Amino acid sequence: MLSSLGNPRQAAAQILNFGLVLSTAFMMWKGLSIVTDSPSPIVVVLSGSMEPAFQRGDLLFLWNRNWLQDTDVGEVVVYNVKDKEIPIVHRVVRKFGDGPEAKLLTKGDNNGADDTDLYAKGQDYLVRKDIIGSVVGFIPFVGYVTIMLSEHPWLKTVMLGIMGLVVVLQRE
Amino acid sequence: MTSQEKITVYNLADLKNTSDDAIPNYLNSLKFRQTHHLTDVRLALGYSALAIAGACFLWDYKFGFENTKLYTAIAVALYTIINSALTLWIWKVEKGVVYQGVAPSGETISISTSTIKNVPEYHVSVTIQPKDKTAKPETISFKRSFADWFDEAGHFVAAPFQSMLASGVPVVAKLDPKRVVGPTPVSQGYSAEMLDVLSAKDPSYSEVAASGTDVAVKKGGKRRTKA
């Protein structure tokens, strides 16, 4: 199979096939981002703070457009906090005002207190643009793999090892 | 005579790809001038799609989603269009064409090949456009068993493969008359000269032939005991 790399057109075609697999996956993700207007339309729940609604490892689908109605009390939203890398999934429990400047307060269903401690220093509430989407659907448990991989980095090594082994063993 | 590489004879994709790769080797050696128009268009489409996705990745990484939303939307639309064009090109225009070229005598030849799932037969369709562009192109289709040019171990054997093309396609026959084996199918009879070529230069192939006669002898034996 490697001999085909001697032919530049064939080599280019093989590299292209590989590249198109990656780029199509990426562009589908970006397309979904554009449609939902969310930078990250699919997220995995990392903590138990929303139990029993969502467990660790649930895969959530987000929608970030207010076509029919504004984000309101009761909705589960994913929001970013300034200077924190990981977005948080919690429920809106209070709302003051209307439109994009409405002040929103969130709380995890399973938490004792609301989220004011989680917000940035001096921040007492969220506004609409802090939110990257409301949860519109979920698949339980399938995101658990990513949690395992990020919590036990040695699993990544094991997985790479197994994949490498498979590649070596499949070589003909 | 055999290639160094060995393929799995039960892998239909391997059989087809190896055979496809052998066509340009053979025809170009007969002084056909290969034209790469189809491949070049496919590569141009594919790589421009790849470039768009790459650029989109870079600006997204550098400037974030919110700042580049409009550009990303345009990129997604463009990528979809180019990718559909590429799919249509492969499906409707290339249609399995593996070789296009111009014979030294001026005919344009276009060869497409295909296989049917789980059937180890090579379907070859050759379209020949005479030198005179207004003339009607002629299409020849035939199918042969892959076993004709792959030995038991999975080595590609060039001579019978070349005979298959030379016997089926007049333009090739004209350029390589010694490979033509007449109207009988390749699998049923080689010229004495051809058998010499096969057995002399390819020990593994003659082994196959030997085991073939073994089977025949055994069959005969069985019939005798029955009678």
Side-chain angles (χ1 to χ4, degrees), chain A residues 1-43 62-66 78-85 87 100 126-133 169-172, chain B residues 3-8 11 13-14 17-18 20-21 24-25 28 34 36-40 42-61 64-84 86-87 90 94 98 154 156:
Chain A
M1 304 300 115
L2 281 176
S3 61
S4 64
L5 294 180
N7 178 345
R9 276 193 181 78
Q10 212 163 351
Q14 278 180 357
I15 295 167
L16 178 64
N17 284 344
F18 180 68
L20 281 179
V21 172
L22 294 182
S23 69
T24 303
F26 176 71
M27 289 315 257
M28 278 166 79
W29 172 254
K30 280 295 146 201
L32 193 61
S33 282
I34 292 293
V35 171
T36 59
D37 197 27
S38 170
S40 178
I42 300 174
V43 295
L62 308 185
W63 182 256
N64 197 29
R65 292 182 188 275
N66 292 115
V78 178
Y79 62 89
N80 275 316
V81 177
K82 213 170 76 181
D83 301 328
K84 282 193 186 171
E85 273 177 38
L126 300 175
V127 289
R128 183 62 186 81
K129 70 173 184 355
D130 293 324
I131 293 172
I132 63 169
L169 290 180
Q170 277 192 337
R171 197 174 61 90
E172 288 170 356
Chain B
S3 61
Q4 292 299 305
E5 264 180 88
K6 228 168 67 171
I7 59 147
T8 310
N11 186 338
D14 263 7
N17 289 339
T18 310
D20 286 349
D21 290 349
N25 280 345
N28 292 347
Q34 188 172 4
H36 295 284
H37 173 65
L38 289 175
T39 318
D40 287 346
R42 171 156 50 95
L43 288 176
L45 283 173
Y47 275 100
S48 35
L50 221 53
I52 290 171
C56 183
F57 177 80
L58 280 183
W59 73 56
D60 189 75
Y61 184 76
F65 177 73
E66 286 299 324
N67 302 321
T68 57
K69 222 156 45 177
L70 179 66
Y71 300 102
T72 305
I74 296 170
V76 169
L78 264 182
Y79 186 88
T80 313
I81 292 169
I82 295 181
N83 222 352
S84 320
L86 178 64
T87 310
I90 292 170
E94 286 196 352
V98 293
F156 175 81

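Keep in mind that this is a model prediction, so the values were computed, not measured. Residue numbers start from 1 in every chain, and the chains themselves are labelled A, B, ... in the order their sequence lines are given, proteins ahead of strands.
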What part of [X] lies closer than 4.5 angstrom to a heavy atom of chain A: side chain, backbone, both or neither?
X: B/Asp60; answer: side chain
X: B/Tyr47; answer: both
X: B/Ala75; answer: both

What pair of heavy atoms forms the shortest contact from B/Ala49 to A/Leu20, and how long is it?
CB-CD2, 4.4 Å
When B/Glu66, B/Arg42, B/Lys69 are compared by non-hydrogen pairs under 4.5 Å with chain A, the top option:
B/Lys69
Name the option with the most non-hydrogen atom pairs under 4.5 Å to chain A; the candidates are B/Ala53, B/Gly54, B/Ala77.
B/Ala53
Structural part of A/Thr24 lying under 4.5 Å from a heavy atom of chain B
both
When the 4.5 angstrom heavy-atom criterion is applied to A/Asn17 and chain B, the contacting part is neither
Please examine the side chains of [Y] and [X], heavy atoms only from C-beta on, and report whether any two atoms are closer than 4.5 Å.
X: B/Val76; Y: A/Trp29; answer: no
X: A/Phe26; Y: B/Cys56; answer: yes
X: A/Leu22; Y: B/Leu50; answer: no

How far does [atom1] of [X] sit from [atom2] of [Y], to the nearest 0.5 angstrom?
X: B/Phe57; Y: A/Lys30; atom1: CZ; atom2: NZ; value: 9.0 Å
X: B/Thr39; Y: A/Asn7; atom1: OG1; atom2: CG; value: 9.0 Å
X: B/Asp21; Y: A/Gln10; atom1: CG; atom2: CD; value: 4.5 Å
X: B/Asn83; Y: A/Ser23; atom1: CG; atom2: OG; value: 7.0 Å

Taking A/Gly31, A/Ala12, A/Gly19 one by one, which has the highest count of heavy-atom pairs under 4.5 Å against chain B?
A/Ala12
Count the heavy atoms belonging to other residues, nucleotides or ligands that lie under 6.0 Å from NZ of A/Lys84, then report whether that count exceeds 12.
yes
